[in-house]
Protein chains: 2
Amino acid sequence: MPTPHPQPRRYRQVADELRHRIEAGAIPPGSLLPSEATLMAEFSVARGTVREALALLRSEGLVMTEVGRGTYARPIAPVRRVASERYRKELDQVRSGELGTSFTADQRIEWSAYGLDKAFREVPASRAQAELFAVEPGTMLLERHFVFRTHGEPQQMSISCLLLDMVAGTPVADPDNEPWPGGNTSQLYSLGPTITGIRERPRWRMPTADEVEALRIPGGVHVIVITRQTYVGDRVVEVAEIVRRADLVDLDYWIDLT
Amino acid sequence: MPTPHPQPRRYRQVADELRHRIEAGAIPPGSLLPSEATLMAEFSVARGTVREALALLRSEGLVMTEVGRGTYARPIAPVRRVASERYRKELDQVRSGELGTSFTADQRIEWSAYGLDKAFREVPASRAQAELFAVEPGTMLLERHFVFRTHGEPQQMSISCLLLDMVAGTPVADPDNEPWPGGNTSQLYSLGPTITGIRERPRWRMPTADEVEALRIPGGVHVIVITRQTYVGDRVVEVAEIVRRADLVDLDYWIDLT
DNA sequence: CAGTGGTCTAGACCACGCT
DNA sequence: GCGTGGTCTAGACCACTGT
């Protein structure tokens, strides 16, 4: 890819023109680009050239493609995910005992718009999981698979693991109690410990076939995967892998140095 | 991309086979894959099909391509970038006055292996810059362009901006003083304020042509861009855009909740 | 059904890295 | 100069989405 060419590089010219139209507003967010056939005619190029131009725009995150429908400009603005604030807020609510009062009620109303697919399993820790927990491989874990939806649209997949001997027999181990008011923070609080910190390691990659299906990910869209470790002191009490469409999140971390 | 096909999808078969060879160690990291011509013969497919297979592996981050050389398995392991610890450490060193003593000396030795390209400009703040600083657009900034190298290899590009009326006439405004022992933290400390926090917003995208050239980025490799705001109280004193090859970093954030 | 993109073929010319 | 990948053409058949 890092190679210039003599004069032609027609696919770049096509991509530049389309990019310009999108940025100028001639192709508004969410609307369809001209079809490949139309672009072939308009720019007098072969289909392969048009497709290369579109692939470039996809890789830039400017457009998305759906089979049988067409290629369209990216519709939705990303939502900022302010990790620090979110966790802090959850914790403050838990500590102040706001749960079970207005907080829960408010959340319950909102929940009508939310959906949650859940599946719990008890599994021995894989090598990778054991490393994240800093326990021996084979230690039993409660592995919880979630898919969150908003208004029916799948937004996030996650696998959250807890040490089994910490939760066995408690309400936390019962899938029927999900979604849990106040989230993970509150859930762990109900078991005794108060979270002291969270470590997040974000990375980006192509979605797997499973993720494409579960999150209905359009062509050309990547995912963000966040590996989260929840700490109580120096002990890791939860390990989660959170997967979201990369075009719908905007990460935001605050590092306090006071 | 999210479309299955009848039986063929030969390019997936080719990609699967190559992926298997890489993961099995038959194609060790850093070594070349068979050339496109060889793969055409081996799998009895057209060149376009081979190239689609390789594009898929590139997008997965498994291989990189260099013109005239070939496509090879990803060689280098990413380096973890522990944002929180790094800044904390810098700050502790500044506060304890370790600069100018053994710390500086140690760094100076290491510096023989480092290189730094620098270019300073005084510019009026763009709308985006003004927003990040929370000042009026047009406010004068000192815009500092850096390219960091290790053993000659370019590792990181950054544009760091400071409020001009805060640095004008000070040693900080003189490019000859770069690299500055102790980095940004120490530099700002020399002006008076002690950093109280840092906000980082990481994202991920294809490199621009400039970045491909400056960082010698192979085909198929993305970059991580971090927008960093350095705070003193609620005032933003520095805004930086940091660009690195995505395959060579591994982000790590700690959120303290104590 | 017509129109869309997904996949595939079989050619061609070119710029680049190495030897 | 040879082999590498980068770009381009002009065909073809297919699956999917809509009407």
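To find a chain, count down the sequence lines: A is the first, B the second, and so on, and within it residues start at 1. Bear in mind the structure is a predicted one, so any value in this text is a computation, not a measurement.
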Separation of atom CZ in Arg9(B) from atom C1' in dG6(C), rounded to whole Å: 11 Å
Proximal nucleotide (of dT9(D), dG6(D), dA10(C)) relative to the Ala46(B) side chain: dA10(C)
With sequence neighbours excluded, residues passing side-chain contact (heavy atoms from CB on, under 4.5 Å) with Ala214(B): Met157(B)
Atom-pair distance (CZ on Arg58(B); C1' on dG6(D)), nearest Å: 10 Å
Integer-rounded Å distance: dC14(D) P and Tyr11(B) OH: 18 Å
Nearest-angstrom distance from the residue atom CD of Glu52(B) to C1' of dG5(D): 16 Å
Side chain to side chain contact (heavy atoms under 4.5 Å, CB included) between Asp252(B) and Arg199(A), intermediate numbers included: CA-CA 7 Å; Asp252(B) 192 326; Arg199(A) 166 184 253 184; 3.1 Å; yes
Rounded distance (Å) that lies between atom C1' of dG6(D) and atom CE of Met64(B): 18 Å
Euclidean distance, atom CG of residue Leu56(B) to atom C1' of dT7(C) [Å, nearest integer]: 13 Å
Between Trp204(A) and His222(A), ring centroids under 6.0 Å: no
Collect all protein-nucleotide pairs involving nucleotides 1-4 of chain C in which both atoms are nitrogen or oxygen and the distance is under 3.5 Å.
{"from": "dG3(C)", "atom 1": "N2", "to": "Gly68(A)", "atom 2": "O", "distance (Å)": "3.3"}
{"from": "dT4(C)", "atom 1": "OP1", "to": "Ser35(A)", "atom 2": "OG", "distance (Å)": "3.3"}

Non-neighbouring partners of Arg19(A) that pass salt bridge (Lys or Arg N to Asp or Glu O under 4.0 Å), sequence neighbours left out: Asp16(A), Glu60(A)
Under-4.0 Å side-chain N/O to phosphate OP1/OP2 contact, Arg47(B) with dA10(C): no
d(CZ, Arg12(B); P, dG6(C)) in whole Å: 12 Å
Atom-to-atom span, CZ of Phe43(A) to C1' of dT7(D) - whole angstrom: 17 Å
Sequence neighbours excluded - side chain to side chain donor-acceptor pair (under 3.5 Å) pairs with any residue from residues 33-46 of chain B: Arg21(B)-Glu42(B), Ser35(B)-Thr38(B), Glu36(B)-Arg47(B), Glu36(B)-Arg51(B)
Under 4.0 angstrom between Thr49(A) side-chain N/O and dT7(D) OP1 or OP2: no
Contacts of type side-chain contact (heavy atoms from CB on, under 4.5 Å), residue His20(B), not counting sequence neighbours: Ala24(B)
Listed partners of Phe43(B) passing ring-ring contact (aromatic ring centres under 6.0 Å, His included), at least two apart: none
Ser44(B) or Leu54(A), whichever maps to the more 5' nucleotide of DNA chain C: Leu54(A)
